[in-house]
Amino acid sequence: MKSLEVAKGIYWVGASDWNVRDFHGYSTYRGTTYNAFLIIDDKITLMDTVKKEFADELIERISQIVDPKKIDYVISNHTEMDHSGGLARVMHRIGEDKPVYCSKTGYKNLTKHFPQKWNYQPVEDGGELTLGKRTLVFMETKMLHWPDSMFTYAKEDKILFTSDAFGQHYAGPERFDDQIGEAIMPHAKKYFANILLLYAPLILKLVQKVQSMGLAIDMILPDHGVMWRKDPMKIVKAYVEWSEQKPKRKALVIYDTMWHSTEIMADAVAEALGEEGVHAEPMHLRSWHRSDIMTEVLDAGAIVIGSPTLNNGLFPTVSDFLTYLKGLKPQNKVAAAFGSYGWSGEAVKIITKELEEMKFKVVDQGVKVQFVPDEEAREACRELARKIAKELPD
Ligand code: FEO
């Protein structure tokens, strides 16, 4: 793949990771890209790098435009190794004395990853760097999604380089929003739900801050996936909507099962929710990837979780999902638990406690059924569904 001029004098020189299917526990069915950018000005500047394994591709793409030794500055918007893993190779190639601009926390984090004594230049929030015709402005975006994260704004070009924010794990022939259209939005939504959801309150504040600064934005260039040039505000508006987490009349019935009893209960709950006009579906945890369920969690008003009791506890996939869900801190949900058991029956109580700890509105202490659900037990599941439905918006 060749380098690509994305704006006058600004080139994409990153890499497409076509085959990655797991990104620290997040399923990436369409791979991803590591976007890095080369700015040609009086001072030639490399914005971010790529995952270590793709460093040679990065160097090759830079070489299509300029001798890498001519790079004057490197900017690291984020320490995570999918963007900084290639730094050692880059610095070796361009000269170890070249300045590396990063946030103050970026400095702390980069030095924990790389023992080399590079010429780090920690920058202030709002600090500026003149490249010649261009001025770059640095904006701290702490906890979006690491403490070191920052945006860089190219003033004259009206381009915002946003690191992980506004990205998508998507590698395809399309490079820009206008080339792929609406089809990119499910990828952007999944990315938000699995990476940024827990920082939703900070995102709302950041968007307000950027709006109050009155920044003109012609393009948003994230470090993953397609770049936003036709309508960059579309993804900003989507982030606001997703951050607000307004619940829909939608419920997820998330479960696992040993001998189909909890599955029968899940089907009864989902069907009864449907009869109450709730968009509901049973989601079996060994059929759905946790990161795909998480995408659906984003706008669901209700989360209903079922587990059989196994060895006095939860079925392992249910524990896995609850841990993942809890970490991402979704808000504004009603919830309940259900499950079958043989003799001890702790699972429903354990799930209910977890749901309460997540500050969900638990509508019932849950339905537990010994062995195989009979008609009475199925009716208890339907009644649970009706209680949930009453709490959801019309
Ligand atoms: Fe794409 Fe937080 O790294």
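Positions are given from 1, in the same order as the sequence printed here. Numbering of ligands and ligand atoms starts at 1, following listing order.
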> Roughly, to 10 degrees, what angle do Glu80 atom OE1 and His145 atom NE2 form around atom 2 (Fe) of ligand 1?
Replying inline: 90°
>> To check your reading of the site, what angle at atom 2 (Fe) of ligand 1 do NE2 of His78 and OD2 of Asp164 form, to 10°?
In response: 90°
> Checking only N/O/S atoms, does Asp82 have one that is under 2.8 Å from atom 2 (Fe) of ligand 1?
Replying inline: no
>> Need one value: angle at atom 1 (Fe) of ligand 1, His83 atom NE2 versus His224 atom NE2, rounded to 10 degrees.
In response: 90°
> Below 4.0 angstrom, N of the basic side chain to O of the carboxylate: do Arg382 and Glu375 qualify?
Replying inline: yes
> Per the side chain to side chain contact (heavy atoms under 4.5 Å, CB included) rule, which among Met150, Met143, Lys142 passes with Thr105?
Replying inline: Lys142
> Does the side chain of Tyr26 reach to within under 4.5 Å of the side chain of Lys190, using non-hydrogen atoms?
Replying inline: yes
>> Taking His224's backbone N and O only, do any of them form a donor-acceptor pair with Asp164's side chain (distance below 3.5 Å, no angle check)?
In response: no
